[in-house]
There are 2 protein chains.
Amino acid sequence: MKQPLSRDLIVTEALAQLTREGLEGMSLRKVAAALETGPASLYAYVDDLQALQALVLDRALAAVDVSGGRRRGWRERVKAVLDSYVRVLLASPGLAQLAMSPIAVGPRALRILETLLGLLEEGGLTQTSAAWAVDLLMLYGTAIGVEQSNGHNPSDPESPSARALSGAPAEEYPRLHAAAEELLAGDGEARFSWAIDVLITGVLQSPAPKWVGKRVVKAKPKPSR
Amino acid sequence: MKQPLSRDLIVTEALAQLTREGLEGMSLRKVAAALETGPASLYAYVDDLQALQALVLDRALAAVDVSGGRRRGWRERVKAVLDSYVRVLLASPGLAQLAMSPIAVGPRALRILETLLGLLEEGGLTQTSAAWAVDLLMLYGTAIGVEQSNGHNPSDPESPSARALSGAPAEEYPRLHAAAEELLAGDGEARFSWAIDVLITGVLQSPAPKWVGKRVVKAKPKPSR
DNA sequence: ACCTGAACACCGTTCAAGT
DNA sequence: ACCTGAACACCGTTCAAGT
């Protein structure tokens with residue numbers, strides 16, 4: 001009666017658990033139990049937990065709408081793609097955390113990068129600027145995803161951040177105290193939109209890195225960061 | 001012979017473990033063992049693991065240099081503060097992940113926000129713009145910290161990201177293929193500095209949110225993000 | 001009242017023993 | 001050859017039983 005095990009089945013069940021119960025709620029043991037087998041059996045199809053997480057992330061990112069809608073300017077399309085990306089991340093709590101790990105280089109992630117790169121080049125950015133900008137935009141989107149799926153919601157006065165800011169003593173943190181209202185204001189939507197504009201505007205105005213189009217000189221091995 | 005337990009001692013040992021072995025390497029049980037007691041004993045001083053993590057983060061953030069050096073422009077000082085912040089995050093693997101959680105609102109974090117807010121207002125930003133910009137800058141610094149302490153190092157050709165980008169088939173990802181070199185180029189230092197410039201430039205040029213200084217109208221309760 | 005050993009309910013991963 | 005039950009080495013947290 002039970003379907004035969006397969007990698008696909010495992011990933012499907014794992015993503016369902018992630019979506020339902022978050023990152024901690026997904027485990028190899030629970031996936032195995034749901035598939036009516038022992039935890040050891042999964043290792044025939046998946047290297048380890050990290051590999052499974054990578055597969056789950058890739059599967060989920062397939063839902064990102066990369067079209068950006070039609071007949072709009074490239075800036076709006078960039079915003080639309082990132083918006084879709086963040087929405088997908090938020091649809092499964094814990095997905096954003098997976099996206100912020102070295103795992104996040106599956107084919108679906110590459111497809112998003114490819115799309116954004118195209119839009120930015122359409123916008124007239126040099127290849128180098130576009131490349132760095134894509135990195136920055138994706139990092140921002142992912143970070144917003146992590147923050148928000150962590151329940152960070154400053155406009156809720158009961159949230160830890162709101163409590164901390166409102167409660168910050170005016171003597172020690174005068175500016176924070178004065179700006180508390182502004183720090184807490186604005187829904188995620190508005191701030192996200194503003195931030196993307198800031199990033200794109202900044203990229204357009206910032207001088208491209210020095211070695212545009214040049215092969216990088218063998219980096220001197222200094223303590224890398 | 002063994003020192004009496006205290007919250008301070010517990011946090012010190014926990015931070016030491018975090019610094020030595022990363023987020024997974026720090027545990028209540030190991031802290032207890034190092035302090036020669038049972039795991040249950042810690043609960044007299046700390047609510048739970050999350051509370052301990054918050055205390056550890058706050059302790060670590062005390063090392064952030066908030067002075068920004070002397071006699072430099074506000075932009076350079078902003079950059080210096082964020083640079084110090086990221087360095088502190090990277091000094092203890094796993095610390096950045098803690099910083100990207102709702103936990104990150106201890107007094108030391110507030111001190112960093114307070115400082116940045118002051119610098120941006122000195123730079124002539126409106127209070128609202130400054131408030132949102134501080135949020136954006138800290139989010140970026142934290143995200144860079146998470147990424148890099150996750151071992152994300154694109155300039156290492158052996159890294160997963162480098163492998164994925166170099167190996168991306170040119171037919172499916174033409175732009176990515178063409179831009180692979182640029183995507184992988186540049187050490188963390190250079191990209192970080194560029195990104196901060198992008199953010200500040202963008203903030204300076206982007207129109208402040210509409211309701212500057214106004215109390216936010218009661219947000220219509222839509223599915224918040 | 002304070003402290004803690006032992007137990008509970010979980011993990012990921014390995015491996016010997018089965019088919 | 002493939003599959004897996006049981007074991008191993010861990011977790012955070014609770015609680016009854018000690019002092």
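Protein chains get the first letters and strands the later ones, always in sequence-line order, with residue 1 at the start of each. We use all heavy atoms of the structure for the numbers below, so side chains are in, but hydrogens, waters and symmetry mates are not.
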I need the [atom1]-[atom2] distance between [X] and [N], as an integer number of Å.
X: A:Leu28; N: D:dT4; atom1: CG; atom2: P; value: 15 Å
X: B:Leu49; N: D:dT14; atom1: CG; atom2: P; value: 12 Å
X: A:Asp47; N: C:dT14; atom1: CG; atom2: P; value: 10 Å
X: A:Glu36; N: D:dG5; atom1: CD; atom2: P; value: 12 Å
X: B:Glu24; N: D:dA9; atom1: CD; atom2: C1'; value: 15 Å
X: B:Arg29; N: C:dC10; atom1: CZ; atom2: P; value: 15 Å
X: A:Gln50; N: C:dC11; atom1: CD; atom2: C1'; value: 16 Å
X: A:Met26; N: C:dC10; atom1: CE; atom2: P; value: 18 Å

Range-with-range stems of DNA chain D (Watson-Crick or G-U pairs under 3.5 Å, three or more in a row):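 Correct response: C:4-8 with D:12-16, C:12-16 with D:4-8.
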Residue whose nearest DNA chain C nucleotide is more 5′ - A:Ala40 or A:Gly25: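 Closest to the 5' end, via its nearest nucleotide, is A:Gly25.
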State, to 0.1 Å, how close [X] and [Y] come at their nearest heavy-atom pair, and which atoms those are.
X: A:Leu120; Y: A:Ala133; result: CD1-CB, 3.7 Å
X: A:Leu57; Y: A:Leu98; result: CD2-O, 3.8 Å
X: A:Pro174; Y: B:Glu114; result: CD-OE2, 3.0 Å
X: B:Leu117; Y: A:Arg175; result: CD2-O, 3.6 Å

Quick one: is A:Lys30 getting a side-chain N or O under 4.0 Å of the C:dC10 phosphate, OP1 or OP2?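 Indeed not, no polar side-chain atom of A:Lys30 lies that close.
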Counting only side-chain N and O atoms of A:Tyr43, is one of them less than 4.0 Å from OP1 or OP2 of C:dT14?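 No, because none of the side-chain N or O atoms of A:Tyr43 sits under 4.0 Å from OP1 or OP2 of C:dT14.
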Of the candidate nucleotides [options], which contains the atom at the shortest distance from the side chain of [X]?
X: B:Ser27; options: C:dG12, C:dT4, D:dG12; value: D:dG12
X: A:Tyr45; options: D:dC3, D:dT4, C:dT13; value: D:dC3
X: A:Leu5; options: D:dT4, D:dA7, D:dG12; value: D:dT4
X: A:Ser41; options: D:dG12, D:dT4, C:dT13; value: D:dT4

Ion pair present between A:Arg111 and A:Asp58, side-chain N to carboxylate O less than 4.0 angstrom?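 Not counted as a salt bridge, because no side-chain N and carboxylate O are separated by less than 4.0 Å.
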Short N-O contact, B:Glu189 and B:Arg87, less than 4.0 angstrom: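 Answer for the salt bridge query: yes.
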With under 30° as parallel and over 60° as perpendicular, where do the rings of B:Trp132 and A:Trp194 fit, or are they tilted in between?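 Perpendicular, since the angle between the ring planes exceeds 60°.
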